[in-house]
Amino acid sequence: MAGYDFKRIEAQWQERWDRDNVYGVSDDMSRPKYYVLDMFPYPSGTGLHIGHPEGYTATDIISRYKRMCGFNVLHPMGFDAFGLPTERQAMVENIHPAIITERNIATFTRQLKAIGFDYDWSRSVNTTSEDYVRWTQWMFLRIYNAWYDTSAQRARDISELPIPADITDPHDVELYRDAHRLAYIANIPVNWCEALGTVLANEEVDEWKEKGYTVERRPMRQWMLRITAYADRLLADLDTLQWPSSTLDMQRHWIGKSEGAQVHFGVDGTTHTVTVFTTRPDTLFGATYLVLAPEHPLVDHIVSESHRADVASYREAAALKSDLERTELSKVKTGVFTGAYAVNPATGTPVPVWVADYVLAHYGTGAIMAVPGHDERDHEFARTFGLPIVQVVAPANGEAFDVHAAAFVDDGVGMHSANAEVSIDGLPTDEAKRTIINWLTTSGNGTSRIQFKLRDWLFSRQRYWGEPIPIMYFEDGTRRALDADELPLRLPEVAEFKPAGTGESPLATVPEWVDFVDAKTGKRAKLETNTMPQWAGSCWYYLRYADPYNTDAFCSTERERYWLGQTGVDLYVGGGEHAVLHLLYARFWHKVMYDFGYVSSTEPFRRLFHQGLILGEDGRKMSKSLGNTINPDHVIRDHGADALRLFEMFLGPLEASKPWNTKGIEGITRFLQRVWRLIVDENDELSPLVKDAPCTPDQAFVLHSTIKKTREDIENLSFNTAIAQFMIFVNEFTSATVRPRVAMESFVLCLAPFAPHLAEELWMRLGKTTSVVLEAFPTVDETALVKSEVEIVVQVNSKVRGKVVVPAGADQAALEAAAQTDENVRRHLDGKQIRKTIVVPDKLVNFIVG
RNA sequence: GCAAGAGUGGCGGAAUUGGCAGACGCACUGGACUCAAAAUCCAGCGGGCUCACCCCCGUGCGGGUUCGACUCCCGCCUCUUGCACCA
């Protein structure tokens with residue numbers, strides 16, 4: 001018996017699609033567009049993972065469906081190919097990362113093509129290609145040559161930055177501009193490992209520490225992007241997005257807006273002032289000490305001679321701790337007294353100033369007023385070091401509370417909070433905050449303040465395999481950004497990819513690349529040796545797909561307006577692990593481009609969907625060490641691409657994590673065989689049961705239910721239930737002795753987005769000569785879905801006692817009468833009084849008896 | 001600790017303006033075909049009972065609302081993910 005020969009069929013149709021360029025995307029702007037995007041993969045050396053085809057199949061189904069519905073569909077694929085693993089592999093194998101990248105991309109492309117996705121490969125992008133790097137650098141320079149105009153709430157060109165009248169020296173003007181650019185240089189603590197001679201990423205720190213290396217937090221010169229300028233807009237615009245609510249929440253939390261006040265505390269015997277941020281200004285009267293972060297610049301200035309040594313050693317120890325170690329919750333709080341006292345502006349009382357690493361340098365002002373009576377952390381610290389605890393807020397319900405036993409952190413009413421100028425005694429927390437902020441402002445002791453958790457983006461990496469930052473420095477200390485016509489700035493060819501050992505990137509070891517005479521100015525110059533992080537390329541790739549060959553712009557205005565338009569990408573599917581960083585960074589870049597008119601939407605991705613993880617058969621995360629991985633190549637070899645596609649969609653809801661099941665894919669293979677047998681007989685010819693006959697009413701009902709469900713489920717990304725409906729269809733028609741041709745044709749079209757190879761073959765077997773890809777999706781005949789008779793449930797005292805068939809739309813009296821004809825129902829009603837009857841038309845009758 | 005999501009047969013899952021719980025598939029059991037097996041086809045498949053009927057119980061646990069709750073409300077438990085001293 002011939003059966004469904006997936007090997008031959010899949011190879012043949014993939015070749016035909018390629019030959020006929022079936023998936024070529026035209027920029028025909030007269031048609032409505034639909035842009036569906038996958039998160040592009042990092043082409044790792046291990047090849048495609050079984051999880052990749054999950055999201056990709058989902059978007060493939062959507063794109064095929066939308067195309068069949070008449071949309072001009074853009075469904076592109078590319079590679080996010082800069083990255084550390086490739087650089088490491090290059091060092092190990094002593095092969096240039098570009099070659100490894102090329103090899104890995106070839107593998108990925110072959111694997112993706114074998115699954116039969118409808119990507120227009122001619123639009124593929126590769127973030128490491130010179131053509132792409134050029135525009136990534138161009139985007140960086142657009143950000144670099146910009147400042148944020150807070151009053152206009154938008155970025156503007158740096159040439160429009162108003163220069164204060166007292167700054168006249170050209171050098172000072174440049175410094176002023178540099179201080180306002182959206183890309184700037186700052187000294188930022190990074191994870192420096194002296195022994196390795198390199199800066200480590202946060203996730204690498206523990207790995208190396210376990211091996212016995214010392215990693216220290218050391219401030220180093222870094223490029224930063226001023227994403228915090230956009231904090232308000234990044235937060236507000238989340239409300240316009242159709243994203244998973246958990247992702248929206250995570251972004252909101254990450255941006256972390258909180259309202260409060262800054263309060264100034266003068267340091268006794270000095271001219272210094274410690275400014276703190278607090279969200280509870282109403283507890284100011286309860287602030288019994290101050291804490292500075294170990295990195296706070298004021299520490300050195302206020303520390304008393306007798307405490308200088310203790311403070312210095314504490315600060316050194318803090319620098320050796322990783323972020324992770326410093327935030328270990330279980331750990332006991334540590335700190336040292338500086339010997340200095342500051343004055344609480346509300347009470348006039350001197351309060352001791354401490355240094356402790358439970359205060360973070362990078363949040364707020366890097367200093368806090370400690371209110372141990374009403375903050376758990378301060379309470380714990382005060383108990384440890386015997387600092388005073390006073391109560392200034394009482395529970396609103398009037399109950400007593402012992403703040404010496406535990407902090408009272410809830411809102412309440414003020415107490416012990418009055419001085420000659422202001423009193424908040426008896427005021428509820430909200431009002432107390434407003435009152436105290438008013439007083440702070442008028443008395444010059446503070447101001448209201450909105451604080452964000454979001455920090456500026458550390459944008460430089462000391463790596464080889466990334467985009468060079470296109471900036472040069474002259475001997476006189478000035479610098480120049482490359483002009484657009486000088487891009488791309490290419491990476492030098494090098495033999496070694498090891499770090500320079502000085503904290504600089506491997507590029508610093510290539511003097512002939514670093515040192516040169518600038519052709520435009522004729523001056524000696526040195527190039528920036530830092531490269532960009534991997535996030536850079538993925539910040540704008542969705543724009544490049546719209547116009548991948550443009551050499552004059554990253555994307556023409558015309559094509560941006562057509563493919564992105566007001567809504568941006570219509571649907572973006574990818575893993576939840578990118579819920580914060582990638583999506584936040586891309587939104588930031590998009591908004592900068594929006595401010596300069598390069599894109600027309602405020603947000604890049606209107607609708608977002610996260611596919612779930614595919615787990616191993618044992619229900620655990622797939623990993624080589626557990627030996628529970630599944631190789632997509634093997635699945636395709638044994639079961640075919642259509643089976644892989646269908647099975648991954650049938651496993652369960654797209655968003656859920658679900659285990660792989662080898663037996664399950666055999667079930668899908670069986671289903672595909674049954675589909676085949678529906679249309680093709682044992683002699684490999686069109687089944688004689690397929691006839692030019694009309695559907696019976698039951699057949700029409702199943703057919704149109706299937707069309708309707710397929711349409712709805714695709715729109716909702718509920719592919720598992722659509723496939724269940726396909727199975728119902730096949731079960732129904734397998735047992736039929738007449739399989740109307742019209743039903744077979746419509747079914748093949750419904751199946752086409754899911755199992756395109758099989759659908760093409762069957763479409764041809766049904767006598768068609770055109771590709772199923774370009775056919776119109778079948779429409780629902782609602783009249784076929786209307787049943788003349790319906791089965792209704794009959795309950796007695798809310799328990800099901802029988803079922804009766806009645807004409808559809810029967811009225812209440814008819815339903816009640818029909819319900820009582822059921823024998824079992826009659827038995828339950830027998831001898832009892834019907835007290836009430838509930839009737840739901842076409843569904844149910846419920847008799848309540850007493 | 002905080003936030004979000006989830007808990008339904010042996011397994012993956014289906015069912016939401018509150019109306020037949022368990023669609024569809026897997027596994028399993030029985031039957032047909034076969035010398036036999038595989039494949040295929042047919043039937044059964046939540047638990048209980050006096051086992052074809054009838055009846056009782058059943059969607060993590062305990063309450064509540066309702067004629068009626070997987071679905072809504074209150075309180076717990078467990079799991080997953082994310083964040084985690086953010087003042």
Side-chain angles (χ1 to χ4, degrees), chain A residues 1 3 244-250 252-254 256-258 260 276-280 283 287 291 293 323-324 326-331 333 356-360 362-371 374-378 380-381 409 451-455 576-577 579-580 610 612-613 615 617 619 647 650-653 655-668 670-671 673-674 677 718 720-728 730-731 734-735 791-803 824 827-828 835-840 842-849:
Chain A
M1 113 181 187
S245 59
S246 61
T247 304
L248 293 173
D249 284 343
M250 281 164 66
R252 286 191 190 104
H253 184 250
W254 192 263
K257 181 177 185 171
S258 50
V276 304
F277 172 70
T278 176
T279 55
R280 289 295 301 273
T283 62
V291 186
D323 273 356
L324 207 69
R326 281 177 63 161
T327 57
E328 285 289 345
L329 255 185
S330 54
K331 166 178 82 72
K333 287 199 169 32
D357 68 2
Y358 83 92
V359 172
L360 306 174
H362 53 68
Y363 180 75
T365 60
I368 62 155
M369 62 177 210
V371 185
H374 305 282
D375 181 283
E376 278 166 11
R377 298 152 300 182
D378 298 342
E380 190 192 331
F381 191 82
V409 299
Q451 183 67 43
F452 291 93
K453 269 194 240 177
L454 183 69
R455 292 148 69 179
E577 68 273 20
V580 178
H610 298 306
L613 229 52
L615 307 169
E617 279 195 273
F647 181 58
F650 190 60
L651 270 177
E655 66 275 21
S657 287
K658 56 249 161 188
W660 183 265
N661 181 333
T662 300
K663 285 286 181 189
I665 196 162
E666 288 168 16
I668 283 292
R670 258 199 299 275
F671 164 71
Q673 288 287 357
R674 283 164 63 80
R677 276 282 162 262
S718 301
N720 54 329
T721 49
I723 295 166
Q725 181 65 34
F726 293 163
M727 291 171 173
I728 291 170
V730 171
N731 290 343
T734 293
S735 57
E791 188 183 61
I792 65 161
V793 171
V794 185
Q795 296 179 334
V796 178
N797 282 349
S798 304
K799 286 185 188 275
V800 178
R801 298 301 181 189
K803 290 163 193 178
N824 198 39
R827 185 158 55 237
H828 283 274
R835 289 188 303 154
K836 190 177 174 186
T837 307
I838 291 132
V839 177
V840 182
D842 288 346
K843 282 217 169 132
L844 155 147
V845 177
N846 187 4
F847 296 108
I848 309 303
V849 299

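Throughout, protein chains are lettered first and strands after them, A, B, ... in sequence-line order, and every chain is numbered starting at 1.
- Among the nucleotides B/rG19, B/rA27, B/rC83, the one closest to the side chain of A/Trp254 is B/rC83.
- Comparing B/rA87, B/rU40, B/rG19 against the side chain of A/Leu360 picks out B/rA87 as the nearest.
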Query - Bracket string, RNA chain B, 5' to 3' - pairs by Watson-Crick or G-U geometry under 3.5 Å, | interstrand - result: (((((((..(((......[....))).(((((.......))))).(((......)))..(((((..]....))))))))))))....

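- Summary of the strand contacts: A/Ile668 and A/Arg280 both lie near RNA chain B, and taking for each the nucleotide with the nearest heavy atom, the more 5' one is attributed to A/Ile668.
- Distance check on atom P: B/rG62 versus B/rU71 gives 13 Å, rounded to whole Å.
- The gap from the C1' atom of B/rC42 to that of B/rG48 amounts to 29 Å, rounded to the nearest Å.
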Under 3.5 Å, which N/O atoms of the protein pair with N/O atoms of nucleotides 69-72 of chain B?
none

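- A donor-acceptor contact shorter than 3.5 Å links the side chain of A/Arg280 to the backbone of A/Val409.
- Put simply, the side chain of A/Glu617 gets close to the backbone of A/Thr662: a donor and an acceptor are under 3.5 Å apart.
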Enumerate the protein-to-nucleotides 7-12 of chain B contacts in which both atoms are nitrogen or oxygen and the separation is below 3.5 Å.
from   : atom 1 : to       : atom 2 : distance (Å)
B/rG12 : O2'    : A/Leu651 : O      : 2.5

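- Comparing A/Gly664 and A/His253, the nucleotide of RNA chain B nearest to each residue sits closer to the 5' end for A/Gly664.
- A/Lys803 comes within 4.0 angstrom of a nucleotide base, judged by non-hydrogen atoms across all strands.
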Using a cutoff of under 3.5 Å, can you pull out all pairs of nitrogen or oxygen atoms linking the protein to nucleotides 45-50 of chain B, with atom names and distances?
none

Detail all sub-3.5 Å separations between protein N/O atoms and N/O atoms belonging to nucleotides 63-68 of chain B.
from   : atom 1 : to       : atom 2 : distance (Å)
B/rC67 : O2'    : A/Ser798 : OG     : 2.4
B/rC67 : O2     : A/Asn846 : ND2    : 2.6
B/rG68 : O4'    : A/Ser798 : OG     : 3.1

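- Nearest nucleotide to the A/Thr721 side chain, out of B/rA14, B/rG25, B/rG19: B/rA14.
- B/rG44 takes the anti form, because its glycosidic angle lies more than 90° either side of 0.
- Within the 3.5 Å criterion, the main-chain N or O of A/Ala370 finds no donor-acceptor partner in the side chain of A/Asp375.
- Contact annotation for A/Gly667: backbone-only contact, meaning every heavy-atom pair under 4.0 Å involves sugar-phosphate atoms and none involves a base.
- Candidate nucleotides B/rA4, B/rC24, B/rA14 were compared by shortest atom distance to the side chain of A/Met727, and B/rC24 ranks first.
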When you compare the protein's N or O atoms with those of nucleotides 51-55 of chain B, which come within less than 3.5 Å of each other, and at what distance?
from   : atom 1 : to       : atom 2 : distance (Å)
B/rC55 : OP1    : A/Arg801 : NH1    : 3.2
B/rC55 : OP1    : A/Asn824 : ND2    : 3.3
B/rC55 : OP1    : A/His828 : NE2    : 2.8

